[in-house]
Amino acid sequence: MDRDDTRALLTDAAERGARYLEALDARGVAAAPEAVERLRAALDGPLPEAQASGAEVFGSLDELGSPATVASAGGRYFGFVTGGALPASLAATWLASAWDQNAFSFVSSPAAALFEEAALRWVKEVLGLPQSAAGAIVTGATMANFTCLAAARHRVLEQAGWDVERQGLFGAPEITVVVGAEAHASIFKVLGLLGLGRARIVEVPTDDQGCMRAAALPRLSGPAIVCLQAGNVNSGAFDPAEDIITWAREAGAWVHVDGAFGLWAAASPDHAALCRGFEAADSWATDAHKWLNVPYDSGLAVVRDAAALHAAMTISGAYLLPSGRRDAIDFTPDSSRRARGVEIWAALKSLGRSGLAELVARNCRQARRVAEGLRAAGLEVLNEVVLNQVVVAFGDAARTEKVIAAIQTGGVCWCGGTVWQGRTAMRISVSSWATGDDDIERSLEAVLAAHRAVPR
Ligand SMILES: *Cc1c(COP(=O)(O)O)cnc(C)c1O
C-alpha cells in the first residue's frame, strides 16, 4: 500500500464517518434486525486466501457495519448512561490513531505522556480532587475501580505489615470490605479479581434511593476498605459521603468512590453540592466515555496516596530504564496502550469549564423534563430525579417489559430495562452532548405513545 492509498482511505473514512453521523437523526436508534442479520451472514466465512485492498475492506465495513450499529452517538439514545462522542474528541482519536503512539512510557511517546498529564490535571481540577493525587487512564470505570482498589489493598495490608504484591493474599491479614447493597456490579467483579471475594464483604443496607444508610454502618477493626458510590446507576443518588468518611477515618479505613458518571456533577455549579464530601476520600473511579462524551474506551482512576498506586502497579524490566518522568506503565494495570489522554484532553479543551458545566446542567434539566412529562401522563417515576437518571414503571413487570420492547422497536429513542427496588422498570439516562430539547420532546412523545398502545 502506498501513501496515496493511505490518504484516499483516510479521506474516505472521514467522509463516511461524517455521513454516518449526519444520517443518525433520520434512522431508528436500535440496530435494524435485517442489517444485523446481513452482517452476520457476510462475516460467516473462513479467512480468505487472497488479499483485499484497503478500499474494499473499508467499503464492506461501512456498507455492512454502519446499518447494524446502535445509534448511541445520536441524541435519542438513553441506555446505560453512556454519552456520545464530542466532535473534537472523536477527531482527536482519529489523529491519535494516525500517530499510533505507544503511551506506556514517556520515552515511547513524549506527546502522549504530556497530553495524558495535562488531561489528568484538568480532570482533577474540574472534579475538585487534590492535584497531588496520582491518576491513571484506563479502559473504563470497571478498570478504574480495579486500579483504585489495588492501591487500597496495597496500603491497608502494608499498614498491617504485609506486602501483598510480593506475598500475594495467602496467609495475609483479612481485609474487611464494606459496600452498599446498591453498589454497581463492577465493584463485585473487581473484588473477585483482586482476591478479596465477590461475596466476602459487609453489605450496608440502602434507603429507597439506593443510598447507604449511615445509621447501619458496621463496627470496623483491622485493615478495611469502604466503597462509596457517587451516582447510583439507576436513581443517580449519592451515598452520604460526609458521615461515612468521618466514620471510616476513625477506623483507619481506605475510602474508595465509584463515581463513574456521578462525579461529573461537580463540574456544574448547580449540581456540585451532590458531590460534597466525596473529595475527602482516598480514591475515585470515573469514566470519560460517559458524561465527558469521549469515545470508548476511557476511564479514570485517581488515588490520593500516589505511592500506594505506584507500589500496586509498578513494573521493572531490563528494557525499562528510569526516565525521570511519569511513565504510565507504573500507574496502570496496562503496559502498551493507546494515547487515551489525547481525546480526554481534546474533550475538555473543546468544552472548557463553562461548556462542561452547561452539558451537565442541560442533561439534568432534560431528565427533569422527562420525569415531569411522564408524571403528567399519570406514570409512576420511581426515583427522585436528582441528576440525569429517570426510572419509570408502566404498571406491572409484564406490561413494563412490553412497553420497553415497543419503545425499542419504534426506533425514535432507546431506553433499557432495569430492576429497581424489586420492580421491573425502564431507565432513561440523559448523558449525551448530542441530546437537544427537541430530542427530549420527540422521545417523550414516543414513550407515551408506546404506553398508550400497549393494552393494560
Ligand atoms: C458504568 C458504571 C460502571 C462501569 O463502568 P465501565 O466504564 O462500563 O467499566 C461502574 N460504576 C458505575 C456507577 C457505573 O455507572
Side-chain angles (χ1 to χ4, degrees), residues 70 72 77-85 89 123 127 135-150 152 177 179-194 198 201 204 206 209-212 225-239 241 255-266 274-275 278 281 283-302 332-334 337-338 340 343-344 347 360 363-364 367 383 386-391 415-420 427-432:
V70 175
S72 41
Y77 182 80
F78 305 107
F80 308 105
V81 213
T82 57
S89 193
V123 165
L127 298 183
I137 300 180
V138 292
T139 50
T142 302
M143 279 314 287
N145 282 326
F146 174 88
T147 303
C148 291
L149 290 175
V177 180
V179 306
E182 277 283 345
H184 191 269
S186 65
I187 289 285
F188 299 95
K189 174 175 177 170
V190 155
L191 290 172
L193 290 172
L194 287 165
R198 292 187 186 213
I201 48 174
V204 177
T206 45
Q209 298 304 309
C211 303
M212 287 163 87
I225 300 171
V226 179
C227 299
L228 300 186
Q229 187 162 249
N232 176 285
V233 78
N234 282 306
S235 69
F238 290 63
D239 284 332
V255 181
H256 170 66
V257 178
D258 176 4
F261 63 97
L263 274 181
W264 296 95
L274 290 166
C275 292
F278 286 93
S283 58
W284 305 264
T286 193
D287 265 319
H289 60 218
K290 285 181 177 166
W291 226 342
L292 187 57
N293 281 255
V294 157
Y296 301 98
D297 39 15
S298 192
L300 291 149
V302 179
T332 75
D334 305 303
R337 58 210 271 278
R338 65 189 189 85
R340 289 191 191 89
E343 65 234 26
I344 297 174
V360 170
N363 286 162
C364 292
N383 67 318
V386 294
L387 199 65
N388 63 332
Q389 304 285 108
V390 182
V391 185
C415 309
T418 189
V419 175
W420 173 240
R427 189 167 63 131
I428 304 159
S429 303
V430 192
S431 33
S432 178

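Numbers here are sequence positions counted from 1. One-based numbering, in listed order, for ligands and for the atoms of each.
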Subject >> Close-contact set for ligand 1 against A260 heavy atoms, below 4.0 Å >> reply: 2 (C), 3 (C), 10 (C), 11 (N), 12 (C), 13 (C), 14 (C), 15 (O)
Subject >> Interfacing atoms of ligand 1 (cut-off 4.0 Å, heavy-atom, D287) >> reply: 5 (O), 6 (P), 7 (O)
Original post:
What are the atoms of ligand 1, with element, lying closer than 4.0 Å to any heavy atom of V233?
Top reply: 15 (O)
Subject >> Atoms of ligand 1 close to D258 [distance to a heavy atom under 4.0 angstrom, numbered from 1] >> reply: 10 (C), 11 (N), 12 (C), 13 (C)
**OP:** Output yes when a side-chain donor or acceptor of Q229 lies under 3.5 Å from a complementary backbone atom of G180, and no otherwise.
**Re:** no
Subject >> N145 N/O under 3.5 Å from ligand 1 N/O >> reply: no
Original post:
How far is atom 1 (C) of ligand 1 from its nearest protein heavy atom, and which residue and atom name does that atom have?
Top reply: K290 NZ, 1.3 Å
Original post:
What atoms in ligand 1 come closer than 4.0 Å to a heavy atom of F261?
Top reply: 15 (O)
Original post:
Heavy atoms, side chains only, cut-off 4.5 Å: are F278 and L127 in contact?
Top reply: no
Original post:
Should A141 be counted as touching ligand 1, given the test is an N or O pair under 3.5 Å?
Top reply: yes
Subject >> Test: R337 and D297 ion pair at under 4.0 Å >> reply: no
Original post:
Going by heavy atoms, is G299 under 4.0 Å from ligand 1?
Top reply: no
Original post:
Given side chains that start at C-beta, do those of L300 and I137 come closer than 4.5 Å, heavy atoms only?
Top reply: yes
**OP:** Report yes if some heavy atom in the side chain of W291 is under 4.5 Å from a heavy atom in the side chain of T82; otherwise report no.
**Re:** no
**OP:** Could you please spell out the steps behind the side chain to side chain donor-acceptor pair (under 3.5 Å) verdict for Q389 and S429?
**Re:** CA-CA 5 Å; Q389 304 285 108; S429 303; 3.0 Å; yes
Original post:
So, T286 and W264: side-chain donor and acceptor under 3.5 Å apart, yes or no?
Top reply: yes
Original post:
In terms of residue, atom name and distance, what is the protein heavy atom nearest to atom 8 (O) of ligand 1?
Top reply: T142 OG1, 4.2 Å
